[in-house]
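Convention: sequence-line order gives letters A, B, ...; per-chain numbering from 1.
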Amino acid sequence: MAEEKSLEQKIIEQRKEKVEKLKELGFEPYAYKYEVNTKAGELLEKFGRHKEGEEREKETLPEEEFSLAGRIVSMRIMGKAAFFHIQDESGRIQCYIRRDAVGEEFYNKVFKKLIDIGDIVGVKGKLFRTRTGELTLEVSEMVPLTKSLRPLPEKWHGLKDTEKRYRQRYLDLIVNPEVREVFRTRSLIIKKIREFLDSRGFIEVETPVLQPIASGAAAKPFITHYNALDIDVYLRIAPELYLKRLLVGGFERVYELGKNFRNEGISTRHNPEFTMIEWYMAYADYEDLMEMTEELFEFLLDSVFGKGVREIEYQGTKISFKRPFRRISYLGELSKKTGLTEDELLHDEEKVLKKAKEVGIEKAEELSHFKRVQELFEALVEPELIQPTFVVDFPKAISPLAKEKRGNPELVERFELIIFGREVANAYTELNNPAEQEERFKQQLEERAKGDEEAMEYDADFITALEYGMPPTAGEGIGIDRLVMLFTNKDSIREVLLFPQLRPEKRCGEEICQLESEGE
RNA sequence: GGGCCGGUAGCUCAGCUGGUAGAGCAACGGACUUUUAAUCCGUAGGUCGCAGGUUCGAAUCCUGCCCGGCUCACCA
């Protein structure tokens, strides 16, 4: 079609020819397997350092041959010998290949002509140290394993274009080692959370992602269609009501770690599909959960940063996780910030509205009284809570699934853990009185009727379940993505999601493009 | 959705007071058996995001659109 070829296309064609030539010479350009007995990182770990000032003649590196495999990420050919770096999952190690060691035929016709930066190869050889002290594998055998057809991003500057980094995350992962580190940490955090809960007798469960009623949180759902049943269903906004049914069923400690979906804005703090851990524990209350949360953080800090580390730096700010975390009351703190009394916050609609307007809360008039209170809280209190802080005892009206606070029927036993102004955990002593739950759902319906799209859906079967009896229970949810952001010092949620949601690219030059542009 | 910033070679970036594009790396050819951002000589590579407009002339100015980043709003 197009006569002129881009440089990239030319490279691809050249390399396709190399694939054919490799075949002609009896090599499999897309090999099946390679026996490795070590990794780059393992060799560097064991033999990488040599003491400064130590005579290298005295140093003994093992005589045995090692074999490893990975991607060639740099190459320096110097006539009859060459250096290159090979990168595997664990790191990158330098290799040295000499014509006289691998044979003139292979060196000249295969290595120099048919192997490129980006190719995946297997190598075997002994270790030695170069003049400057870098641990290096002297290649006695090299086997092409996978031919790479496209040129890699630049070795020194890496890949910086954020759009490309997200769209082609694989390139980001090849070229930017710190990105691999972020996702390793993410994996570790998730693994350790499971370990923490498993060790306390929890079982991991899976509940429906496709739900006929999207309830358990205040959010707009994604809608999809279930062909087999010919009904619209929702992608879950929370697993909460299903998990509680399991408590009715007799499981006493359950957790679910998985995706939730909320059809809302995308930003540095929000991705429409995000990962949550929720756990429920029978015969416990929110006090127990606060303690457990502190223990969980200690466990995670030990695992990610090293035993005993209780202070980390996030975006230039020191965050201390020394127990106990600060505890403040929702109304008490809001009272301090607004100058209104707790009683006024609960009952004086006029004063709260006036304050909301004063603070600049948009459309304050349209909000219900307690939504205004919550807005004030989010505007005045949350941003100032930098160090880990439990905010306790929320107004009942904004917490339809939480149990009334002992001694104060206007509040519920609920806490949020706020760190760096962001909500990291949300938990309550769970409401298990079916009559009251029904009442609370009805209030939510009223809110919905007044125009609050995010008011919670009424779930009749959940009420039925509660009527069979759910034991006293405490439940908590933690947003994994935000936790990972905190632990990896990332300011954008996209940096902790392997494939963040982006608008699809239009591929012009193809028929699709025309069809698409007409379709709008 | 609003505001601000950006999109130039495969990658990282210059060029932006209008005169049709440059560097480094990567690629290709050559020299080089301890280099390490290897070095040296040579070659090739671009519908300057897309579409219009102004102009003798647009990467550069104007308008619209597409994509992205940050931010505000909503949420976890």
Atom [atom1] of [X] to atom [atom2] of [N]: distance rounded to whole Å?
{"X": "Asn108(A)", "N": "G30(B)", "atom1": "CG", "atom2": "C1'", "answer": "14 Å"}
{"X": "Glu8(A)", "N": "U12(B)", "atom1": "CD", "atom2": "P", "answer": "12 Å"}
{"X": "Lys10(A)", "N": "A26(B)", "atom1": "NZ", "atom2": "P", "answer": "19 Å"}

Any [X] side-chain nitrogen or oxygen under 4.0 Å from OP1 or OP2 of [N]:
{"X": "Lys155(A)", "N": "A26(B)", "result": "yes"}
{"X": "Lys113(A)", "N": "G30(B)", "result": "yes"}
{"X": "Thr136(A)", "N": "U34(B)", "result": "no"}
{"X": "Arg269(A)", "N": "C74(B)", "result": "no"}
{"X": "Arg129(A)", "N": "U34(B)", "result": "no"}
{"X": "Lys164(A)", "N": "C11(B)", "result": "yes"}
{"X": "Arg76(A)", "N": "A38(B)", "result": "yes"}

Pair partner, [N] [Watson-Crick or wobble, under 3.5 Å]:
{"N": "G64(B)", "answer": "C50(B)"}
{"N": "U43(B)", "answer": "A27(B)"}
{"N": "C70(B)", "answer": "G3(B)"}
{"N": "G19(B)", "answer": "C56(B)"}

Check whether [X] reaches the backbone of [Y] with its side chain - one donor and one acceptor, N or O, closer than 3.5 Å.
{"X": "Asp393(A)", "Y": "Glu413(A)", "result": "no"}
{"X": "Glu240(A)", "Y": "Ala217(A)", "result": "no"}
{"X": "Lys164(A)", "Y": "Leu171(A)", "result": "no"}

**Message:** Side chains of Thr293(A) and Glu476(A) only: does a donor on one sit below 3.5 Å from an acceptor on the other?
**Reply:** yes

**Message:** Both Tyr96(A) and Pro153(A) contact RNA chain B. Which one's nearest nucleotide lies toward the 5' end?
**Reply:** Pro153(A)

Among the nucleotides [options], which one has an atom lying closest to any side-chain atom of [X]?
{"X": "Asp161(A)", "options": "U34(B), U12(B), G69(B)", "result": "U12(B)"}
{"X": "Lys80(A)", "options": "C67(B), C32(B), C74(B)", "result": "C32(B)"}
{"X": "His157(A)", "options": "G68(B), U12(B), U35(B)", "result": "U12(B)"}
{"X": "Trp156(A)", "options": "A27(B), A37(B), A73(B)", "result": "A37(B)"}
{"X": "Lys18(A)", "options": "C11(B), C28(B), A27(B)", "result": "C28(B)"}
{"X": "Ser492(A)", "options": "C67(B), U12(B), C70(B)", "result": "C70(B)"}
{"X": "Phe128(A)", "options": "U12(B), U34(B), A26(B)", "result": "U34(B)"}
{"X": "Leu159(A)", "options": "A26(B), U34(B), C11(B)", "result": "C11(B)"}
{"X": "Thr162(A)", "options": "G69(B), C11(B), C67(B)", "result": "G69(B)"}

Remember a base hit wins even if backbone is also touched, and classify [X] as base, sugar-phosphate or nothing at under 4.0 Å, heavy atoms.
{"X": "Thr268(A)", "result": "sugar-phosphate"}
{"X": "Arg150(A)", "result": "nothing"}
{"X": "Gly158(A)", "result": "sugar-phosphate"}
{"X": "Arg165(A)", "result": "nothing"}

**Item:** Geometric class of the Phe84(A)/Phe111(A) ring pair [parallel <30°, tilted 30-60°, perpendicular >60°]
**Value:** tilted

**Request:** If the plane angle is over 60° it's perpendicular, under 30° parallel, otherwise tilted; pick one for Phe261(A) and Phe222(A).
**Result:** perpendicular

**Prompt:** How far does the P atom of C28(B) sit from the matching atom of C70(B), given to the nearest Å?
**Reply:** 37 Å

**Message:** Taking only the C1' atom of each, what is the distance from A51(B) to C66(B) in whole angstrom?
**Reply:** 10 Å

**Check: Arg131(A) side chain, U34(B) base, donor-acceptor under 3.5 Å** = no

**Request:** Assess whether one donor atom and one acceptor atom, taken from the side chain of Gln94(A) and the base of U35(B), lie less than 3.5 Å apart.
**Result:** yes

**Message:** Does Arg327(A), at its CZ atom, have more than 12 non-hydrogen atoms belonging to other residues, nucleotides or ligands within less than 6.0 Å?
**Reply:** yes

